[in-house]
Novice: 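Below is one structure. I have some questions about it.
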Amino acid sequence: MRRIAWAMLGLGLWVLEGGVEPAAGQDPQPTIELQHNRFNPVTTIPFKLSGQLFLKGHRPVVSLRIYNVLAQLVAIPVLRGSGKALDSLALTCPTQLGCAYSAYWDGFVANTGKPAASGVYIYQLVVDGQRVTKKILVKQPPQ
């Protein structure tokens with residue numbers, strides 16, 4: 001358990017249940033909402049960005065990465081509908097109410113062609129430097 005906690009802190013990963021809280025004296029941050037998702041070998045990770053992020057034509061820069069419990073990068077999912085990797089991708093939203101997006105991961109470890117093993121993984125969404133991190137469970141079908 002100590003080794004996992006160290007690996008998470010070494011990368012600056014923080015598990016946040018309710019989102020990111022602003023520091024004392026700061027304005028509230030725009031809303032970034034992740035939905036809980038039971039993780040299977042092929043999955044979609046839905047997330048919502050508030051309209052505040054898109055004010056005055058701003059295009060928030062979004063990254064989504066999946067790590068193992070040793071804080072090693074496993075994969076970078078793609079944005080559904082665009083096919084582009086969610087790696088410093090500037091997003092747009094046609095409405096001031098905010099937009100819902102989803103990322104797709106095929107369940108394979110990047111650059112290996114091998115499926116991810118069953119176990120606990122961590123996915124981290126970064127929007128304009130604001131970080132939200134969740135734990136997920138990958139469960140491979142029995143063989």
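One-based numbering along the sequence shown.
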Novice: Do Val61 and Val127 have side-chain heavy atoms sitting under 4.5 Å apart?
Specialist: no

Novice: So, using side-chain contact (heavy atoms from CB on, under 4.5 Å) as the criterion, who are the partners of Ser118 when residues are at least two apart?
Specialist: Gln140

Novice: So Trp105 and Leu64, side chain to side chain contact (heavy atoms under 4.5 Å, CB included) or not? Walk me through it.
Specialist: CA-CA 10 Å; Trp105 180 40; Leu64 182 65; over 6 Å; no

Novice: Quick one: side-chain contact (heavy atoms from CB on, under 4.5 Å) partners of Val78, sequence neighbours excluded?
Specialist: Tyr104

Novice: Taking salt bridge (charged side-chain N to carboxylate O under 4.0 Å, His left out) as the cut-off, I'd like each qualifying pair that reaches into residues 115-124, sequence neighbours left out, listed once.
Specialist: none

Novice: Please round to the nearest 0.5 Å and tell me the distance separating atom CD1 of Ile122 and atom CD1 of Ile136.
Specialist: 9.0 Å

Novice: To the nearest 0.5 Å, what is the distance between CD1 (Ile76) and NZ (Lys84)?
Specialist: 15.5 Å

Novice: Are Ile45 and Tyr123 packed together at the side-chain level, in the sense that at least one heavy-atom pair is separated by less than 4.5 angstrom?
Specialist: yes

Novice: With sequence neighbours excluded, give me every disulfide bond (SG atoms under 2.5 Å apart) pair touching residues 60-89.
Specialist: none

Novice: Answer whether the closest heavy-atom distance between the side chains of Phe54 and Pro60 falls below 4.5 Å.
Specialist: yes

Novice: What distance separates Ile66 CD1 from Tyr121 OH, expressed to the nearest 0.5 Å?
Specialist: 9.5 Å

Novice: For the atom pair CG (Leu73) and OH (Tyr67), what is the distance rounded to the nearest 0.5 Å?
Specialist: 5.5 Å

Novice: What pairs meet the salt bridge (charged side-chain N to carboxylate O under 4.0 Å, His left out) rule with one or both residues in residues 108-129, with sequence neighbours excluded?
Specialist: none

Novice: Which pairs with one or both residues in residues 42-80 pass disulfide bond (SG atoms under 2.5 Å apart), sequence neighbours excluded?
Specialist: none

Novice: What donor-acceptor contacts under 3.5 angstrom involve side-chain atoms of residues 86-101, with partners at least two apart or in another chain?
Specialist:
{"unit_1": "Asp87", "atom_1": "OD1", "unit_2": "Arg65", "atom_2": "NH2", "d": "2.7"}
{"unit_1": "Thr95", "atom_1": "OG1", "unit_2": "Leu97", "atom_2": "N", "d": "3.2"}
{"unit_1": "Tyr101", "atom_1": "OH", "unit_2": "Thr92", "atom_2": "O", "d": "2.7"}

Novice: Under a 4.5 Å cut-off applied to non-hydrogen side-chain atoms, are Val62 and Leu125 in contact?
Specialist: yes

Novice: Please identify each residue that fulfils side chain to side chain donor-acceptor pair (under 3.5 Å) with Arg80, with sequence neighbours left out.
Specialist: Thr44

